Peer 1: 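Quick one: structure below, then a few questions.
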Amino acid sequence: MAAAIQTVDLSAHTLQHTSFSSSSSSSSSTSPVLAQKQEAGEALVKALHEKGFVRISGHGFSFAEIQEAFDWSKALFDLPLAEKLKAPHPKGSLPHRGYSSLGQEKLPDRNRERGSQRIMDYKESYEIGSEEDDCQHNIWLPEEVLPGFRGYTSGLYERFADFAKIVLEAVALGLGLDGEEREELMKLGSRPHCQLRLLHYPTIDKDSVGREVGGRLPAHTDWGSFTMLFQDQHGGLELLDPSSGEYVRAEPEEGTILLNVADMFRRLTNGYFNSALHRVSIPNRDSVHQAGIPSRYSIPFFVGPAPSHTVTSLPRLITAECPARYDPVRFEDYGALVGKSHYRSEDP
Ligand SMILES: O=C(O)CCC(=O)C(=O)O
Ligand SMILES: [Fe+2]
């Protein structure tokens, strides 16, 4: 496995969060805060170009806040199955909301050899959107099943959405975008159209490894703009490093958020940003402890444009050396194509 994942500190952006404009006055353009913002923005852009993933510190989420998110997630997945099924994810792919039980999602493995046996992905999840989303409605548990869950997770969604905007502003600064190009970049994060996901990968007993259970989440790219992830202390997430062609283990690191580029960011930047292939793997049976593989929780937040938005590559990134690689695409058309292959249409 290759080198550690780089960390970019965005505290200059989060602490001094003001909506900057490209026409900064000469006094503010020489301020130390602006210089720090510029430096962080450029470091972020460099990492997203070279790797497609990065750790973020200085994001403004306290340790207690991250812990609280995991406490709610655990409280949800600890409920009896019959209770969780009171907020069922529908059979098809839309709305992508509510509870999916073990094996319901069937992400195709981009690394799996053709014809090889498909073994169940061992995870359960709960998807939450904005209460303001005009395209997909939330599917909530009855309040008495888990009192406070709806209020808490809706608030967490808004916290992530605030931070997503800061990330996009940092990228705009790092790329030196202004005017219409900056507007286009900012549209990659539509506040009511992102998605919060609670994920639980249950314990796997040693005997099942490689038999009934092949892995936790097969290799895939995310199809929105970018993804930000909290993960617990049990690792397993791996991202493909395009420079070495090897998977890098995203070892859990307290206080950081892992950010990966997704397909819409790759298209907007005409491939300048790498949409990182990633997976959640499990070790070979021989190296698994007798007690099995411990359960794991993770919380991704998927940032995306409005479904009706057409993502077109930025003109400045289409050059003689790097001609246009992608046709403009309407986000909902792209999502429909990808999403259709992800969910079983029959009963879970
Ligand atoms: O659980 C993780 O660490 C990654 C989750 C992920 O890649 C996804 O839900 O798309
Ligand atoms: Fe993913």
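Since the model is a prediction, treat every value here as computed from it, not as a measurement. Note that ligands are numbered from 1 as they come in the structure, with each ligand's atoms numbered from 1 the same way.
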Peer 1: Counting only heavy atoms, tell me which of H220, H200, E127, Q195 gets closest to atom 10 (O) of ligand 1.
Peer 2: H220
Peer 1: Which atoms of ligand 1 sit under 4.0 Å from any heavy atom of L199?
Peer 2: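 Under 4.0 Å from L199, ligand 1 has these atoms: 1 (O), 5 (C), 9 (O).
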Peer 1: Do V167 and M228 come close enough that some side-chain heavy atom pair is under 4.5 Å?
Peer 2: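 V167 reaches M228 side chain to side chain.
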Peer 1: Going by the order shown, which atoms of ligand 1 are within less than 4.0 Å of some heavy atom of R197?
Peer 2: 8 (C), 9 (O)
Peer 1: Look only at the side chain of D9 and the backbone of S11, and say whether a donor-acceptor pair between them is shorter than 3.5 Å.
Peer 2: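 At least one qualifying donor-acceptor pair exists.
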Peer 1: Would R216 count as a contact of ligand 1 if the rule is a heavy atom under 4.0 Å away?
Peer 2: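 Under 4.0 Å: no for R216.
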Peer 1: Flag yes if more than 12 heavy atoms outside E39 fall under 6.0 Å of its CD atom; otherwise flag no.
Peer 2: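 No, the 6.0 Å shell around CD holds no more than 12 heavy atoms from other groups.
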Peer 1: Please collect all salt bridge (Lys or Arg N to Asp or Glu O under 4.0 Å) contacts where either partner lies in residues 139-156, sequence neighbours excluded, each pair once.
Peer 2: E131-R150
Peer 1: Counting the benzene-type ring for Trp, do F273 and F265 have ring centres under 6.0 Å apart?
Peer 2: yes
Peer 1: Decide side-chain contact (heavy atoms from CB on, under 4.5 Å) for Y99 and H89; before the verdict, give the C-alpha distance in whole Å, the side-chain angles of both, and the deciding distance to 0.1 Å.
Peer 2: CA-CA 5 Å; Y99 173 72; H89 187 295; 5.8 Å; no
Peer 1: State whether R197 and D222 are salt-bridged, where the test is any N-O pair (Lys NZ or Arg NE/NH1/NH2 against Asp/Glu carboxylate O) under 4.0 Å.
Peer 2: no
Peer 1: Using 30° and 60° as the class limits, which term best fits the ring planes of F77 and Y297: parallel, tilted or perpendicular?
Peer 2: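 Geometry flag for Y297 against F77: tilted rings.
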Peer 1: Can you count the protein N, O or S atoms that lie less than 2.8 Å from the Fe ion (ligand 2)?
Peer 2: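 For the Fe ion (ligand 2), protein nitrogen, oxygen or sulfur atoms under 2.8 Å: 3.
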Peer 1: If hydrogens are left out, which of L239, L237, L217 has an atom nearest to atom 5 (C) of ligand 1, that is, the closest non-hydrogen atom?
Peer 2: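 It is L217 whose heavy atom sits nearest to atom 5 (C) of ligand 1.
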Peer 1: At under 4.0 Å between heavy atoms, which part of L229 makes contact with ligand 1: side chain, backbone, both or neither?
Peer 2: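 For L229, the contact with ligand 1 is made by the side chain alone.
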Peer 1: Any pair with a residue in residues 60-72 that passes salt bridge (Lys or Arg N to Asp or Glu O under 4.0 Å), sequence neighbours left out, goes on the list, sorted by first then second residue, please.
Peer 2: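 Of all non-adjacent pairs touching residues 60-72, those that pass salt bridge (Lys or Arg N to Asp or Glu O under 4.0 Å) are E65-R159.
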Peer 1: By number and element, which atoms of ligand 1 are closer than 4.0 Å to a non-hydrogen atom of V280?
Peer 2: 1 (O), 2 (C), 3 (O), 4 (C)
Peer 1: Is the closest basic N to carboxylate O distance between R191 and D162 below 4.0 Å?
Peer 2: yes
Peer 1: Considering the heavy atoms of F302, write down every atom of ligand 1 situated less than 4.0 Å from one of them.
Peer 2: 8 (C), 9 (O), 10 (O)
Peer 1: Heavy-atom contact check, 4.0 Å cutoff: does R296 meet ligand 1?
Peer 2: yes
Peer 1: Show the atoms of ligand 1 that are less than 4.0 angstrom away from any heavy atom in H278.
Peer 2: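 Listed by number with element, the hits are 7 (O).
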Peer 1: Should Q231 be listed as contacting ligand 1, given a heavy-atom distance under 4.0 Å as the test?
Peer 2: no
Peer 1: With sequence neighbours excluded, what pairs up with R330 under the side-chain contact (heavy atoms from CB on, under 4.5 Å) test?
Peer 2: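 So R330 forms a side-chain contact (heavy atoms from CB on, under 4.5 Å) with S308, T310, E332, D333.
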